[in-house]
Structure formats: structure tokens, C-alpha cells
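Take a look at the structure set out below.
Counting starts at 1 for both ligands and their atoms, following the listed order. We use all heavy atoms of the structure for the numbers below, so side chains are in, but hydrogens, waters and symmetry mates are not.
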Amino acid sequence: DHARHMTHVGEMMVEGKAPDYQIMDQNKLHAVADRVGVEREGKNDEEVFEELVKLAKEDLTRFEGAHEKPFHWLSRSILEDRVSKLEACNIMPRGVFGTISENIAQTHVGMDADPVNLVFQGLKTSVADFGSEHIATDLSDIIFGTPKPVVSEANLGVLDKDYVNIAVHGHNPILSEMIVKAAREMKPDAEKVGAKGIKVSGICCTGNEVLMRQGVPVLTNFSSQELPIMTGALDAMVVDIQCIMPGIRAVAECFHTRIITTSVNVKIPGAYHVDFVEDRAVDKAHEVINLALAAFKERNSDRISIPEIKHKVVAGFSLEALMDIFSAVNADNPIKVLTDAIDSGELRGVVLLAGCNNLKRIHDNNHLEMAKELAKNNVFMVTTGCAAGAYAKAGMMTWEAVEEYAGDGLKAFLGRLNEANKLEEKLPLVFHMGSCVDNSRAYDLMTAMARQWGVDTPKVPYAASAPEAMSEKAVAIGSWCVTLGMPTHVGVYPYITGSDLVNGIALQIADDVYGGYFMWEEDPHKAVEKILYALDDRTWKLKVHRQAMEKYETESISAGW
Ligand code: WCC
Ligand code: FE2
């Protein structure tokens, strides 16, 4: 749905119907066009963009049956070996919506009764999810800019009682980028109601989107989304899609805070609704901000209590930004900086810390414990979604955290990057790659490492973890992580352990077929042990394969894993 929305805005831009949006990042436009196979010769940027949007729509809407037509965006973003694997297992989706419709039909009463067949369809849908996440991230970068390193701050202390405080919450940069823009323009209006200006801050992945691109501070993540209202200093919470707790409305009733829904498929009884239409984006953002200004006048100053807690955050690490940082050490082959550090034993591998908060766990605890332990064991960490929110709030996206938690190898590795880049703000312990839609960035990093080593992704010492998984989206993302070759830890038990067959597929058979597999482990320390084992196993095999290649003077490495 996120990809559909981005593609729809792209179409409106092409038709001249969304004047508030422009192509912000030509380099990304060119890079994506080259990757997905859109010819650029003799075309201007608008024409290339038009072709890209057309292709995105085709990929989203293509039906099954058209077997000669691949899912371009997907098949050209992953390794050829992975495409062959997906084809061989009959789970290569042709299009996104068709696959979802098959899925829904297949699970209807009186339909498929074969658990294995159902699992395959689920995996196929998850791969379609990866393809569409990639479309969403690529188009967002083209329209709003590819993130670059940025310094900001996080936690409830980012609220300032002298300002009109607006929180943007949900997932959609299409709306939140406009709110940030309008808030800057409307400073005089805020001064008229007695405030020093307007302060926008973020919750969940809308927060991640505007942190990564605009340096907007982070308020909090999923499980604590009600707390900013309880400071008595939040004038409006503007929500778009996904992960909005309906309960925020009940909490807001105790204060002056306006809850404003903006999406046609996300409404909450009793909340304000501003129907956000892309053809009048900035106007709509003004409408939202006017509601916040009215609320500011109703504040009860006796009830304001903002915890004085906030931490510096160094974020903005798109794959392009990471490669830029590596290229200061090796301009000809940036990714080799990372793979060399693993080959030499300085780093033990890479872990993507992703996903949600889950109310079954102590808030953020699994995220924080695991990162500390992985850091001690010299693992390079990237993060997205609410996991990223946890690290931002806890001050773990800073160099100070590197000094406190990193083992010698990780410290030396990051120190070398700092020196080569002469960065004003030193690199953090955990690298923020964006919202949960942006998990494709993290997989692209794995793909780049696989290319450098000349292997398929299941041979790369790279694991994923969702320490506090919760949402349906996390199921889709975890499933494509496995299908695309990652050992994938989940910190809460999913609802499949009742079936030995299905659980066995997740834990073992997936490994035999795809090279990725799930690990369920609630204890964060034991989880790290399991992840380290998975990384070490892969590093050892890589070494053995490489020795064999040298001995027999062959280019091809063993096909199995
Ligand atoms: Ni993405 Fe999970 Fe947060 Fe919601 S915002 S809670 S899906 S990680
Ligand atoms: Fe998210």
C-alpha cells in the first residue's frame, strides 16, 4: 500500500496534478533507472521519471500468468542466483496485487488445506512485499532526497513548552514532509498565538522518515506513543498510516491535544479528520497546523511536565551514505572496506536490528540489550523502524555509545572510518537506515557484500533480528529476510509453534531450501549467542570455500551452503 501510494503520487506529478512535489534527487533517479532497466538515452529527467512510475505501476499490478514478464524492480534489485532460486521454488511473484489477491483467496474458507502449499504462497507474498518496499523507498528518495548523515536528538525532552508542538506519527513521508515544510513557513502564525515557533517531532516511522531527510527530532516509538500527549505540551498529533494506537484519542481527551487523522483508511472516532489530498498538499498541511495553533491557546500550563531526557542522534545512513563513508577508505571499491574487516576478523559480521515494539516485552529492553551485546562482540549494526527509535532515545546512535559498548574490533573499524572521513560528528554505534519500509536498504547492503565475495546471499555473515516483533508487516519482512538468505531472529514466539510441520519449515527446512531460517528466542543474551553462531558459521565456510578455490584454481565457489 505504501508503494501504491508513492506510485500514485508519482503519477500525479507526471500529470502535473501534484505541484507541491518535485524530483529532489536526480542522482537517485538515474541510479534507479539504470538498475531497473529504464533507458535514459535521449530522455530528460521528467521523461525518465515517467517511465519509472509506469514500470512501478506495471510491477504492482501485473497478473500471474504472464510468465514471460518478470517483476522488474524485484528481479533487478537482487542477485541473479536469488532470482533463479525463487523461480526454481515457484515463489517468484510476477506482480504485487495479484499475489496478494491469490493469498487472500487461498486462505478463504474451503480453499487450500495443504500447510506446505500455504507456506509457499506466504513466502511468495513476502517476496512481493520486498519488491514493493523497494519501489516505495526508491520513489521516496527520488521525490524527497536520499538520506545523508544528519545530527538531531531524541526522547520526550525534545518537546519545548515555548513552542507549538506537533508530532507526526505513522509511516508516510508524503504528508509529513509537507507538514515540516509548512511548519517552517508558518512561524509568524505561531508567534501570533504567543509561541516562539512551531516544533515538529516524530513518532514511529513517519518520525524516521523526517529524521533521516530533515533532521526532525524523534519523540518516541510504538509502545510509548501515548506518553508525549501526557506531557501536556503536545498540541497536535498528526497521524497517517499504520501503528496508530486507537487509544491515543482517549488519552488526548484528558488534555488539550488534537488528534488529527489524515488518511481515508485510518479514522478514529472522536478525532479530527483532515482529508489529505496530494493535489493540495501544502494547503492541507496548513489546515493541520492551524488546528495545532488553536490547541496551543487552550493549553493548561499547570499540567505541563516534560521529562528532561534527550540524547544526541547521528542518523541518515542510506546505503548510498554508508558507501560514501566507506569510500573515504577505499574509493575504488567501498564495500570492500566492510568485507575486508570481516575477512580479517576485526568484525564478526553484520546484523540488521529491525522491527517493532511488542507489549509482551519490557519496552525497548530486548532492542537495547541485544545491541550492547552485539557491540561487545564486534558486530556492525544497522537498524530500521521502532528498533531505531529505541536506540535513538537511549543515546546509542552516538560515538559516546561506541566508546561505552563497542569491542576493540568494532571500535577500531569505526575509528578508521571517522579518521578517513574527518566527520564533524563521529559515527554512531548503530546505523539508522530508515523506516520499516526501508529494510530493503539493509538487504541491498547484504547483496553488495555478496557481490564482493562472489557468492549468493546465504553465504554472507549477515543476520536479521526483530527483538520485539509485533505487526503483520514484521511477518512479511521477516519472511523475505529468510527467503532472501538471512538467519532471522525473532524475540517473541509467533503463532506457528503449534504445528511441528510449519515450525520445522521455519526453523530448518527454510535453511535447506533458501539458506535463510528463523530463530525464536525471547532471552536477548541467548539470542545474541545464536546470532553469533550463525555469523561465525558463515565466516568459517567462506574461508574454507575460498581456500578450496585457491587450491583448485577455480572461480566458482560451492553452490551449497
Ligand atoms: Ni514499523 Fe513495527 Fe514500529 Fe509499526 S512502526 S511498530 S510496524 S517497526
Ligand atoms: Fe514502521
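The minimum heavy-atom distance between S440 and E133, with the atom names listed, is OG-O, 4.1 Å.
Using 4.0 Å as the threshold, M470 has a heavy atom nearer than that to some atom of ligand 1. Not a single heavy atom of A474 sits under 4.0 Å from any atom of ligand 1.
Taking a cut-off of under 4.0 Å to the non-hydrogen atoms of C205, the atoms of ligand 1 that pass are 1 (Ni), 5 (S). Atoms of ligand 1 lying under 4.0 Å from any heavy atom of G355, numbered from 1 in the order shown and given with element: 8 (S). For ligand 1, the atoms lying closer than 4.0 Å to a non-hydrogen atom of F222 are 6 (S).
In summary, no N, O or S atom of C436 is located under 2.8 Å from atom 3 (Fe) of ligand 1.
Atom 7 (S) of ligand 1 has its closest protein heavy atom at S471 OG, 3.2 Å. In this structure, atom 4 (Fe) of ligand 1 lies nearest to the protein heavy atom C243 SG, 2.1 Å. Protein heavy atom nearest atom 3 (Fe) of ligand 1, with residue, atom name and distance: C386 SG, 2.2 Å. Here the heavy atom of the protein found nearest to atom 2 (Fe) of ligand 1 is C356 SG, 2.4 Å.
Under the 6.0 Å cut-off for aromatic ring centres, W520 and F518 qualify, their centroids lying closer than that.
Distance check, rounded to the nearest 0.5 Å: CD1 of I241 to NE2 of H171 gives 7.0 Å. To the nearest 0.5 Å, the span separating CZ on R82 from OG on S75 amounts to 14.5 Å.
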